[in-house]
Amino acid sequence: MQLGLVGLGKMGFNMRERIRRAGHEVVGYDRNPEVTDADSLADMVGKLDAPRVVWVMVPAGEITRQTIAELGELLAPGDLVIDGGNSRFTDDTRNAEALGAKGIGYLDCGVSGGVWGLENGYGLMVGGEPELVERAMPIFDALRPEGPREEGFAHAGRVGAGHFAKMVHNGIEYGLMQAYAEGFELLEASDIVEDVPATIKAWQRGTVVRSWLLDLLVRALESDPELDDLRGHVEDSGEGRWTVEEAIKHAVPAPVISAALFARFASRQEDSPAMRAVAALRNQFGGHAVQAAGPSSGSGSTQG
């Protein structure tokens, strides 16, 4: 299959490679001339055979909206656009309607896997019409982890469902990271536990709290046992906020996710061992920027 891929950053670059390894042709476009396969969006579209499939993997918000609008002017009836970024699900209906008026299909896809997805595969949650999902299935199968499709891919529902599912996924992620981080801080505060990294590492097998996030915390502690090379300053990509807003809208109690979000807000006011652990985890799984400890630590953070 042939795919146009817009955005070759931390995730898009690795996604292109994984899709190519599966035997598909990918024409990527990025403003960075060192990684792009095309000179412009128009050049990328011109290199694709109709009917075209274009995957958008750029920062959520106005950049994504502008990119999709531009593609709407470049593509033709019968083509398909997939938004794989972390867009808010409410944007998907507008995008689908605008493209649909031109005869262009639209899918939204929540993607999880971070910088590790190239080797491990990406968890995918898709929203849109079944026939469009089936059309793009060779690409989804190339990106998802090995094993049963249903354990790494879901057609979650109509347009918007993929990004809604990813939003909730990220809200859960907030809560999980915060729980590990608070456990780390409590162990650090104790005068009984003398080897905190070894204690956490011992949880990796046979315990009910083992997980990939725990593995990443162990990895971070191996290089910085007290995580004192980092500031406990943690940004949020917006999806935790959206999850809490939707919980309020639907009257669904979400105290853990809400508390984890507020803890991130608190981290920007004062440093703490727990928030250093959250910062380390975000850097481990997503390559998100961190702030080094010390007097020059007031810059270098990005949202993600």
Side-chain angles (χ1 to χ4, degrees), residues 60 86-90 110-114 116 122-125 151-152 154 156-157 160-190 193 196 199-221 227 230-286 288 290 301 303-304:
N86 281 337
S87 296
R88 187 164 187 167
F89 72 96
T90 49
V111 181
S112 181
W116 300 86
Y122 301 87
L124 305 173
M125 299 140 270
E151 293 182 5
H163 282 146
F164 192 98
K166 179 57 163 45
M167 174 192 73
V168 175
H169 165 282
N170 281 23
I172 293 170
E173 181 185 285
Y174 277 42
L176 290 172
M177 287 195 290
Q178 188 64 29
Y180 284 131
E182 291 174 10
F184 165 76
E185 180 166 1
L186 183 56
L187 289 169
E188 281 274 285
S190 169
V193 177
V196 173
T199 300
I200 294 176
K201 188 170 185 176
W203 297 345
Q204 287 182 281
R205 296 182 184 273
T207 77
V208 296
V209 299
R210 64 190 185 274
S211 73
W212 183 44
L213 279 174
L214 180 66
D215 295 342
L216 294 177
L217 180 56
V218 169
R219 178 187 173 95
L221 290 169
L227 301 181
L230 305 175
R231 280 191 67 219
H233 178 110
V234 182
E235 293 288 351
D236 64 285
S237 62
E239 292 194 281
R241 302 183 190 211
W242 303 340
T243 305
V244 172
E245 288 173 8
E246 288 301 309
I248 294 170
K249 177 180 176 181
H250 294 284
V252 173
V256 172
I257 296 173
S258 300
L261 174 65
F262 295 145
R264 292 194 179 195
F265 295 164
S267 80
R268 299 163 206 171
Q269 299 172 342
E270 59 180 303
D271 198 24
S272 77
M275 298 320 296
R276 292 202 302 272
V278 173
L281 278 168
R282 293 178 78 246
N283 179 255
Q284 286 288 324
F285 75 74
H288 298 291
V290 295
S301 177
Q303 288 193 343

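On a predicted model such as this, the values are computed, not experimentally measured, just so you know. Residue indices begin at 1 and follow the sequence shown.
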- Which distance, rounded to the nearest 0.5 Å, do you find between the NE2 of H169 and the CD of E173? 5.5 Å
- From I248 CD1 over to E246 CD, what is the distance, rounded to the nearest 0.5 angstrom? 9.5 Å
- Message: Please find the pair of heavy atoms, one from A181 and one from A274, that lie closest to each other, and give the distance.
- Response: CB-O, 3.0 Å
- Contact summary for L217 and L281, nearest pair of heavy atoms: N-CD2, 3.5 Å
- Message: Could you walk me through whether R88 and E245 satisfy the side chain to side chain contact (heavy atoms under 4.5 Å, CB included) test, starting with their C-alpha distance in whole Å, then the side-chain angles of each, then the deciding distance to 0.1 Å, before giving a yes or no?
- Response: CA-CA 12 Å; R88 187 164 187 167; E245 288 173 8; 2.7 Å; yes
- Item | Atom pair CG/CG of L176 and L214 - distance to nearest 0.5 Å | 11.0 Å
- Note on the structure: Correct closest heavy-atom pair for V234 and A279 would be CG2-N, 3.7 Å
- Message: Between the side chains of K166 and E239, is the shortest nitrogen-to-carboxylate-oxygen separation below 4.0 Å, so that they form an ion pair?
- Response: yes
- Is it true that the side chains of R210 and Q204 contain a donor and an acceptor less than 3.5 Å apart? no
- Query: Given the rule in the side chain to side chain contact (heavy atoms under 4.5 Å, CB included) test, do N170 and W242 qualify, once you have shown the distances and angles that lead to the verdict?
  - Reply: CA-CA 10 Å; N170 281 23; W242 303 340; over 6 Å; no
- Could you tell me which residues satisfy side-chain hydrogen bond (donor to acceptor under 3.5 Å, both in side chains) with S190, sequence neighbours excluded, listed by chain and number? none
- Query: Do the rings of F89 and F164 sit parallel, tilted or perpendicular, given the 30° and 60° boundaries?
  - Reply: perpendicular
- Query: Does the side chain to side chain contact (heavy atoms under 4.5 Å, CB included) test come out yes or no for R241 and F265, once each step is laid out?
  - Reply: CA-CA 11 Å; R241 302 183 190 211; F265 295 164; 3.6 Å; yes
- side chain to side chain contact (heavy atoms under 4.5 Å, CB included) evaluation trace for H233 with R264: CA-CA 8 Å; H233 178 110; R264 292 194 179 195; over 6 Å; no
- Message: If the condition is ring pair (Phe, Tyr, Trp, His ring centres under 6.0 Å), which residues does Y180 pass it with, not counting sequence neighbours?
- Response: none
- Note on the structure: What one should report as the nearest heavy-atom pair of Q284 and L216 is CG-O, 3.7 Å
- Message: Closer than 3.5 angstrom, by distance alone: can the side chain of T243 be matched with the main-chain N or O of M167 as a donor-acceptor pair?
- Response: yes
- Would you name the heavy atoms of A260 and Q178 that are closest together and state the gap between them? CB-CB, 3.8 Å
- Note on the structure: Shortest non-hydrogen pair, V256 vs G175, comes out as CG1-CA, 3.9 Å
